[in-house]
Amino acid sequence: MPLFLKKLVSFEDFNGNFNNIGQVHKTLACFNLGNETPLWKHWGFAYNNPNSDHAEQIILQELYTFLGLDQSNISLKYKLNLYTSYSPCFSCCKDLCSFLDTYKNQVSMHLKIAKLYKFYDSNNQRGLQMLRENGADITIMDLEDYKECFYLFVSPTDTFQPCPDLNHYSYGNARDMDLLWNEDESRSKITIHKSEICHCKGSSGGNESSSVFAATEFSTPESKKDNNEARKITPEKLHIAHGCKGHKGVKRKLSF
DNA sequence: ATTTTCAAT
Ligand SMILES: [Zn+2]
């Protein structure tokens, strides 16, 4: 397992996974678990296991093992900081929700994300929305977060040097995430309003309220038919591929 | 506003 406990991340791996704006085909996730005392109770990092486990799964497994022993100490309040080079996929979001549910009122989760993973996939978007609704604090890493992550997990003595345009990309990702949160909030009212009449499935029409409800119910896993036209955030490239010349892309589609 | 990405060649 590519899990490293109480060890620092190398400069090379930090730069290769966090401090870059390229397309990286692996994920690095760093975590620390603390409480009132200044010293971390547990910390480390993990890479994904190629073609097998996502980095979040590996860290969650470690946390279940670690916290399982502490189950008796109800009064303890843990704070989990999780830095991930990619945002969690839909499946990992569900796993993170389960973790929060398992340690309800015992562990708070603070997720700091470098880049959005396959954000065009509406399932991944819904996963992040669900995770947030389940109490996780989710943000895109800004320059200060990169600096902090570097300080905590790479070197407390060296100076973090952001790669060119890192701040610019971070800002763009943060904007995408804000749009997702805004979409989430405006739709949550619909979900509540329609919650009583959404039990009847099968009635097609694929209206938005039923799909929202399905998401809330965790009842739509990786359905391969991802041709969901209700998707709100779509890369401009997709529009171009479909022969649509819309330049506003995300912004336009989310204006409601 | 940068986009196909926890690969697959
Ligand atoms: Zn995942």
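Residue numbers begin at 1 in each chain, while the letters A, B, ... track the order of the sequences. These values consider heavy atoms only, across backbone and side chains, with no hydrogens, waters or symmetry-generated copies.
Using a 4.0 Å heavy-atom distance criterion, A/Glu56 is classed as a base contact. Contacts of A/Pro88 with the nucleic acid, taken as non-hydrogen atoms under 4.0 Å apart, include base atoms. Residue contacts for A/Asn51: at a heavy-atom cut-off of 4.0 Å it reaches the sugar-phosphate backbone alone, with no base atom in range. As judged by a 4.0 angstrom heavy-atom cut-off over every strand, A/Thr84 is placed among residues making no nucleic acid contact.
Not counting sequence neighbours, the partners of A/Tyr117 by the ring pair (Phe, Tyr, Trp, His ring centres under 6.0 Å) test are A/Tyr86.
A/Tyr171 has its OH atom 18 Å from the C1' atom of B/dT3, to the nearest Å. Spacing between atom OH of A/Tyr83 and atom C1' of B/dC6 amounts to 21 Å, rounded to whole angstrom units. One interatomic measurement links the two molecules: CZ of A/Phe119 to P of B/dC6, which rounds to 16 Å at whole-angstrom precision. Going from atom CG of A/Leu116 over to atom P of B/dT3 covers 14 Å, rounded to whole Å. Straight-line distance from the CG atom of A/Asp121 to the P atom of B/dT3: 18 Å, rounded to whole Å. Between the CG atom of A/Asn173 and the C1' atom of B/dT5 there is a distance of 11 Å, rounded to whole Å. In this structure, the CG atom of A/Leu166 is 15 Å from the C1' atom of B/dA1, given to the nearest Å. Computed from coordinates, the A/Ile113 CD1 to B/dT3 C1' distance equals 16 Å when rounded to whole Å.
Comparing B/dT3, B/dC6, B/dA7 by their nearest atom to the side chain of A/Lys118 picks out B/dC6. Relative to the side chain of A/Arg175, the nucleotides B/dA1, B/dC6, B/dT5 differ in distance, and B/dA1 lies closest. Comparing B/dA1, B/dA8, B/dT5 by their nearest atom to the side chain of A/Tyr117 picks out B/dT5. Checked against B/dC6, B/dA8, B/dA1, the side chain of A/His25 finds its nearest nucleotide in B/dC6.
In the hydrophobic clustering (ILVMFWY side chains linked at under 4.5 Å, chained through shared members), A/Tyr83 is joined by A/Phe4, A/Leu8, A/Val9, A/Phe11, A/Phe14, A/Phe18, A/Ile21, A/Leu28, A/Trp40, A/Trp43, A/Phe45, A/Tyr47, A/Met141, A/Leu143, A/Tyr146, A/Phe150, A/Tyr151, A/Leu152, A/Phe153, A/Val154, A/Phe160, A/Leu166, A/Tyr169.
Contact annotation: A/Asn48 side-chain N/O to B/dA7 OP1/OP2 distance is under 4.0 Å.
Ion pair A/Lys104/A/Asp101 flagged as a salt bridge, since at least one NZ, NE, NH1 or NH2 atom sits closer than 4.0 Å to an Asp/Glu carboxylate oxygen.
Across the P atoms, B/dT9 and B/dT5 are found 12 Å apart, a figure rounded to whole Å.
With 3.5 Å as the limit, one finds a donor-acceptor pair spanning the side chains of A/His110 and A/Asp137. Using modelled atom types, one finds a donor on one side chain and an acceptor on the other under 3.5 Å when comparing A/Lys115 with A/Asn20.
Heavy-atom nearest nucleotides on DNA chain B were determined for A/Ser170 and for A/Tyr47, and the one closer to the 5' end corresponds to A/Ser170.
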